[in-house]
Amino acid sequence: MQSNTPRNTKPETALRAALHREGLRFRKHHRPFRSERLEIDVAFTSVKLAVFVDGCFWHGCPIHATFPRTNASWWSTKLARNRERDVRFGELLREGGWTILRIWEHEPLPAAVQSVVLALRELRDTKTP
Ligand SMILES: [Zn+2]
């Protein structure tokens, strides 16, 4: 598979910085499966929480997805593949016991941080004996 979505996008970097300020520690661009090119944007490996920051364009956000007019069929194939890949990786992760949290790049940063904090709290509550 071709290299796909851009790494270290602005919303992704901003989220990581904000999580860091919250005192959270995580791995970035974590690859949970050796055989796959799947990378988790922000991974909390102890509780297996996988956070993805999805670009509105690349991942087809229902609010902002635009469709390029030039090379329309190339783009349509490319974006469809992205979505298929999201679905397939999601399945792999869930099979591996991961919880997935997807955040759209258009979500305000404080709300995104809040989602991560809440997800972590929930996972810690259920997973700690
Ligand atoms: Zn959007």
Side-chain angles (χ1 to χ4, degrees):
M1 204 183 312
Q2 287 292 313
S3 159
N4 19 63
T5 52
R7 301 169 93 191
N8 291 318
T9 56
K10 216 175 169 194
E12 192 185 321
T13 313
L15 178 65
R16 274 201 293 262
L19 292 174
H20 225 264
R21 279 195 299 273
E22 292 291 314
L24 300 173
R25 295 298 175 260
F26 47 83
R27 291 175 192 212
K28 61 177 181 175
H29 303 305
H30 177 60
R31 286 189 180 200
F33 309 110
R34 215 176 283 178
S35 57
E36 292 279 342
R37 293 188 54 193
L38 163 63
E39 268 186 10
I40 302 171
D41 296 339
V42 178
F44 294 89
T45 50
S46 57
V47 292
K48 287 194 156 185
L49 174 66
V51 182
F52 293 92
V53 182
D54 288 342
C56 293
F57 172 72
W58 291 101
H59 297 269
C61 149
I63 308 168
H64 304 106
T66 51
F67 198 77
R69 288 185 202 177
T70 357
N71 287 325
S73 75
W74 184 85
W75 277 111
S76 126
T77 311
K78 169 114 182 138
L79 295 176
R81 274 205 205 121
N82 271 359
R83 277 190 294 274
E84 278 165 25
R85 197 178 48 112
D86 285 350
V87 170
R88 197 172 66 85
F89 283 171
E91 282 166 3
L92 276 176
L93 282 171
R94 275 186 286 269
E95 278 167 20
W98 287 81
T99 303
I100 299 164
L101 179 62
R102 309 202 81 101
I103 293 172
W104 289 112
E105 68 175 3
H106 66 247
E107 287 181 43
L109 190 56
V113 171
Q114 180 78 347
S115 308
V116 174
V117 169
L118 286 176
L120 279 175
R121 195 175 298 160
E122 238 169 70
L123 286 167
R124 284 188 182 135
D125 286 350
T126 51
K127 283 187 184 171
T128 32

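Order of listing sets the numbers, starting from 1, for every ligand and every atom in it.
In Arg25, the CZ atom is crowded: over 12 heavy atoms of neighbouring residues, nucleotides or ligands sit closer than 6.0 Å. By the 6.0 Å contact criterion, CZ on Arg121 is open, its count of non-hydrogen atoms from other residues, nucleotides or ligands being 12 or less.
Between Trp98 and His30, the two ring planes are tilted [angle within 30° to 60°].
Distance check: Ser76 OG to Arg81 CZ gives 10.0 Å after rounding to the nearest 0.5 Å.
Judged purely by atom type and a 3.5 angstrom limit, Lys48 uses its side chain to pair as donor or acceptor with the backbone of Gly96. In this structure, the side chain of Arg94 does not engage the main chain of Ile100 through any donor-acceptor pair within 3.5 Å.
For a distance threshold of 2.8 Å, the protein N, O or S atoms nearer than that to the Zn ion (ligand 1), listed by chain and number, are Cys56 SG, Cys61 SG, His64 ND1, His106 ND1.
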